Asks: 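Please see the structure below; I have some questions.
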Amino acid sequence: MSFSERLAGWRENLRHRWMYRRGDGTQAASSGGAAASGGQGGFGRFFGGLNSSGMGSLAKRAGLAILIIILLYYPIGMFVVHKVDDDIDFAPSAADSVDGGSMAVAYAAGLIDREVNQNNWTANDPFFQPGVLLDNMPNFQQGMMSALARFGFELTDQLGRTRGSSEADPDLQRAAGLLQYPGNVWIWNPSVSLAPRASSESQYRDARSRLLTYNARLAKGEANYDIRADNLLATIERFAADIGSSSALIDRHLAEQAGSFFDSDADDIFYFTKGKLYGYYMVLQGLGTDFDPIIKERNLEKPWNEMMGSFRKAALLDPWVVTNGAPDAQFQPNHLAMQGFYLLRARTQLREISNILLK
C-alpha cells in the first residue's frame with residue numbers, strides 16, 4: 001500500500017470517528033431511554049456528555065474538575081489556615097531570648113516569629129490564597145502588630161536610651177519603623193505600582209532580626225536598657241493612651257450600629273482590639289520581669305497582677321459569632337460592649353500603677 005493510500009485511509013477513519021460519531025445508532029437509543037424516563041433535562045445531557053469521547057467532552061471534564069477544585073480549595077484552605085492564636089501561656093523560645101537581655105524584647109521577637117513564620121501572615125494574602133477570605137485572623141494579627149509597633153516606639157524613645165538627650169539605638173530605631181509598615185502589603189499591587197514592593201512579612205522579619213540583634217548587644221553590655229521607674233511610667237502611660245483610642249472606636253461603633261442584626265464590621269473591630277490587648281498582655285509580661293526590682297520596690301505586685309488579670313480576660317474573649325446587640329437586649333449579646341468593659345478596666349488599672357509610680 002502506497003503512502004498516499006495510507007494517508008487517505010487515516011483521513012477517512014478520523015472523519016468517521018469525529019464527524020459521524022453520533023450517527024451510529026446510540027443517539028436514538030439514548031433518546032428512547034430519555035423519553036421513557038421522562039427526559040433527563042439539561043443536567044442529564046451535560047453529565048451524559050462527559051462519558052462520551054472527543055475533545056468537547058474532555059474540555060467539559062477538565063472544566064468540571066477545575067470548578068470542583070476551586071469550590072473545595074477555598075473553604076478547606078480557610079479551615080486549615082485559620083488560627084486566632086491567643087495562647088495566653090506563650091513564652092519566647094530559646095532562639096528569641098538571651099541571658100542578660102530584655103524579656104519584653106524577647107516576647108516581641110517571639111510573637112513576630114510565631115505570626116509571620118509559623119502561623120503565616122494572612123492580612124496580605126492575594127486572591128489565589130484561601131486566607132484572602134478570612135477576616136478574624138487577619139484583624140487579630142494586625143491588632144497584635146499595632147501593640148508591638150507601639151512598644152517599638154517606647155523602646156526607641158524611652159527604654160533603650162539612658163536619657164532623653166542620648167542617641168537612639170540604631171537597631172531599635174530601625175525596628176520601630178519596620179513595625180509601622182502596613183500589614184496588608186503583598187509583593188505586587190498593580191493599582192499602586194507595577195513594580196514589586198516589600199511585603200509585610202519581609203518587613204516584620206527584618207524588625208525581628210533587629211530586635212534580636214539589640215538584645216544580643218544588650219546581653220554583652222553594648223546597648224542600653226534603662227530600668228527606671230520614670231521609664232516604666234512613661235511606657236505604660238503610652239499604652240494606656242493607645243488603649244483609650246481603641247475604647248473610643250468601640251464606643252463610636254456602638255453608638256452608630258448597636259442593635260444591628262447583621263453587622264459585618266463588629267467582628268473586625270472585636271478581633272483587632274483582641275489582638276492589640278493580647279499583644280500588650282505579652283509585652284507587659286516581659287516588662288514585669290524586666291522591671292521586677294521597681295515593681296517590688298514600689299509595692300506594685302498586687303495592682304500589677306490585677307491589671308494583668310484584666311488584660312488576660314480581655315485577650316481570651318472568643319465568641320463563636322460576634323454580635324452587636326443593643327446594650328440592654330435580652331437575647332442578643334453585645335460582645336463589643338463586654339470587650340470594652342475589660343479594656344477600660346485594664347486601662348484604669350494602668351493609670352493606677354502610673355499614679356503609684358509618680359509618688
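These values consider heavy atoms only, across backbone and side chains, with no hydrogens, waters or symmetry-generated copies. Computed from a predicted structure; not experimentally measured. In this chain, numbering begins with 1 at the start of the sequence shown.
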Asks: Check whether Q142 reaches the backbone of F272 with its side chain - one donor and one acceptor, N or O, closer than 3.5 Å.
Replies: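 The answer is no, because no donor-acceptor pair under 3.5 Å joins these two groups.
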Asks: Taking side chain to side chain contact (heavy atoms under 4.5 Å, CB included) as the definition, give me every residue that meets it alongside D265, ordered by chain and number, with sequence neighbours left out.
Replies: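 Counting only residues at least two positions away or on another chain, D265 forms a side chain to side chain contact (heavy atoms under 4.5 Å, CB included) with H253, D263, D268.
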Asks: Look only at the side chain of R210 and the backbone of L172, and say whether a donor-acceptor pair between them is shorter than 3.5 Å.
Replies: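 Not at all, since once roles are kept as given, no pair shorter than 3.5 Å links the two residues.
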Asks: Not counting sequence neighbours, which residues clear side chain to side chain contact (heavy atoms under 4.5 Å, CB included) with Q349? List them please.
Replies: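 With sequence neighbours excluded, Q349 shows a side chain to side chain contact (heavy atoms under 4.5 Å, CB included) to E306, M307, S310, R345, E352, given in chain and number order.
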Asks: Find out whether L155 and T235 are in side-chain contact, i.e. whether some heavy atom of one side chain is under 4.5 Å from a heavy atom of the other.
Replies: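 In short, these two side chains do not touch, never coming nearer than 4.5 Å.
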Asks: Decide side chain to side chain contact (heavy atoms under 4.5 Å, CB included) for Q203 and L179; before the verdict, give the C-alpha distance in whole Å, the side-chain angles of both, and the deciding distance to 0.1 Å.
Replies: CA-CA 7 Å; Q203 301 294 79; L179 290 173; over 6 Å; no
Asks: Counting distance only, does the side-chain N/O of D169 pair as donor-acceptor with the main-chain N or O of R161 below 3.5 Å?
Replies: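 Answer holds: no.
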Asks: Is N305 close to K302 at the side-chain level, that is, under 4.5 Å between some pair of heavy atoms?
Replies: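 In short, these two side chains do not touch, never coming nearer than 4.5 Å.
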Asks: Mark yes or no for whether K274, through its side chain, and L317, through its backbone, hold a donor-acceptor pair below 3.5 Å.
Replies: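 Pair found, side chain donor or acceptor close to backbone of L317.
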Asks: Tell me which pairs pass ring pair (Phe, Tyr, Trp, His ring centres under 6.0 Å) where either residue lies in residues 340-359, with sequence neighbours left out.
Replies: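 Not a single pair qualifies under ring pair (Phe, Tyr, Trp, His ring centres under 6.0 Å).
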Asks: Looking only at atom types and distance, does a side-chain atom of Q141 sit under 3.5 Å from a main-chain N or O of N120, one as donor and one as acceptor?
Replies: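 Checking the backbone N and O of N120 against the side chain of Q141, a donor-acceptor pair under 3.5 Å is found.
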Asks: Who are the salt bridge (Lys or Arg N to Asp or Glu O under 4.0 Å) partners of E115, not counting sequence neighbours?
Replies: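 For E115 there are no salt bridge (Lys or Arg N to Asp or Glu O under 4.0 Å) partners, ignoring immediate neighbours.
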Asks: Considering only residues two or more places apart or on different chains, which pairs with a residue in residues 75-117 satisfy ring pair (Phe, Tyr, Trp, His ring centres under 6.0 Å)?
Replies: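 Listed by first then second residue: nothing to list.
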Asks: Can any side-chain N or O of S202 pair as donor or acceptor with the backbone N or O of A198 at less than 3.5 Å?
Replies: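 No, S202 side chain to A198 backbone: no donor-acceptor pair under 3.5 Å.
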Asks: Indicate yes or no: does R150 engage E154 in a salt bridge with an N to O separation below 4.0 Å.
Replies: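 A salt bridge links R150 with E154.
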Asks: Hey, does the side chain of N324 reach the backbone of N334 with a donor-acceptor pair shorter than 3.5 angstrom?
Replies: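 Between the backbone of N334 and the side chain of N324 there is no qualifying donor-acceptor contact (under 3.5 Å).
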Asks: Got a sec, which residues hit ring-ring contact (aromatic ring centres under 6.0 Å, His included) with F239, two or more places apart in sequence or on another chain?
Replies: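 Scan of F239 (ring-ring contact (aromatic ring centres under 6.0 Å, His included), adjacent residues dropped) gives Y280.
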Asks: Take a 6.0 Å sphere around CE of M78 and say whether it holds more than 12 heavy atoms from other residues, nucleotides or ligands.
Replies: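 Yes - once you tally the heavy atoms of other residues, nucleotides and ligands closer than 6.0 Å, there are more than 12.
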Asks: Tell me, do D290 and L159 make a side-chain contact under 4.5 Å, heavy atoms counted?
Replies: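 Of all side-chain heavy-atom pairs linking L159 with D290, none is under 4.5 Å.
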Asks: Going by distance alone, is a donor N or O of one side chain under 3.5 Å from an acceptor N or O of the other, for D318 and Y271?
Replies: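 Indeed, the side chains of D318 and Y271 share at least one donor-acceptor pair under 3.5 Å.
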Asks: Not counting sequence neighbours, list each pair that qualifies as a ring pair (Phe, Tyr, Trp, His ring centres under 6.0 Å) and has a residue in residues 291-325.
Replies: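 Non-adjacent pairs meeting ring pair (Phe, Tyr, Trp, His ring centres under 6.0 Å): zero.
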Asks: Quick one about N124 and E201 (side-chain donor to acceptor, distance below 3.5 Å, no hydrogens or angles considered), yes or no?
Replies: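 Yes, because at least one side-chain N or O of E201 sits under 3.5 Å from a partner of the opposite role on N124.
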Asks: With rounding to the nearest 0.5 Å, note down the distance linking CD in Q339 to OG1 in T273.
Replies: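 Answer for the CD-OG1 pair, Q339 versus T273, is 4.5 Å.
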Asks: Are side-chain heavy atoms of N184 and S200 found at a separation under 4.5 Å?
Replies: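 Contact flag for N184/S200 side chains = no.
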Asks: Are any side-chain N or O atoms of D87 and backbone N or O atoms of D89, one a donor and one an acceptor, separated by less than 3.5 Å?
Replies: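 The answer is yes, because a donor-acceptor pair under 3.5 Å joins these two groups.
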Asks: Determine whether L254 and P327 make a side-chain contact, defined as any pair of heavy atoms from C-beta on separated by less than 4.5 Å.
Replies: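 No - every pair of side-chain heavy atoms lies 4.5 Å or more apart.
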Asks: Taking the side chain as everything from C-beta on, heavy atoms only, tell me whether V185 gets closer than 4.5 Å to S199.
Replies: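 They are not in contact (no side-chain heavy atoms under 4.5 Å apart), so the answer is no.
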Asks: Apart from L67 itself, what residues make up its hydrophobic cluster when side-chain heavy atoms of I, L, V, M, F, W and Y under 4.5 Å apart count as a link, directly or indirectly?
Replies: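 In the cluster with L67 are L71.
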Asks: If we ignore hydrogens and angles and just use 3.5 Å, is the side chain of Y74 paired with the main-chain N or O of Q129 as donor and acceptor?
Replies: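 Pair absent, no side-chain N/O of Y74 close to backbone of Q129.
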Asks: What residues form a salt bridge (Lys or Arg N to Asp or Glu O under 4.0 Å) with D96, not counting sequence neighbours?
Replies: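 Listed in chain order: R208.
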Asks: Whether the side chain of S209 engages the backbone of R205 through a donor-acceptor N/O pair (distance < 3.5 Å, no angle test) should be reported.
Replies: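 Not confirmed, S209 side chain does not pair with R205 backbone.
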Asks: Answer yes or no: is there a side-chain heavy-atom contact under 4.5 Å between S246 and L249?
Replies: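 S246 does not reach L249 side chain to side chain.
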Asks: Considering residues at least two apart in sequence or located in another chain, which fulfil the side chain to side chain contact (heavy atoms under 4.5 Å, CB included) criterion with R351?
Replies: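 Testing R351 for side chain to side chain contact (heavy atoms under 4.5 Å, CB included), a comparison that skips the adjacent residues, returns E237, A240, R347.
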Asks: With side chain to side chain contact (heavy atoms under 4.5 Å, CB included) as the test, would you mind laying out the steps for L357 and I294 before giving the verdict?
Replies: CA-CA 9 Å; L357 289 171; I294 301 297; 4.2 Å; yes
Asks: Would you list the pairs meeting ring pair (Phe, Tyr, Trp, His ring centres under 6.0 Å) in which at least one residue belongs to residues 110-153, sequence neighbours left out?
Replies: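 Sorted result for residues 110-153: W121-Y204, F128-W186, F140-Y278.
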Asks: Please list, chain by chain and in numerical order, all residues satisfying side chain to side chain contact (heavy atoms under 4.5 Å, CB included) with K296, sequence neighbours excluded.
Replies: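 Only D292, E301 meet the side chain to side chain contact (heavy atoms under 4.5 Å, CB included) criterion with K296.
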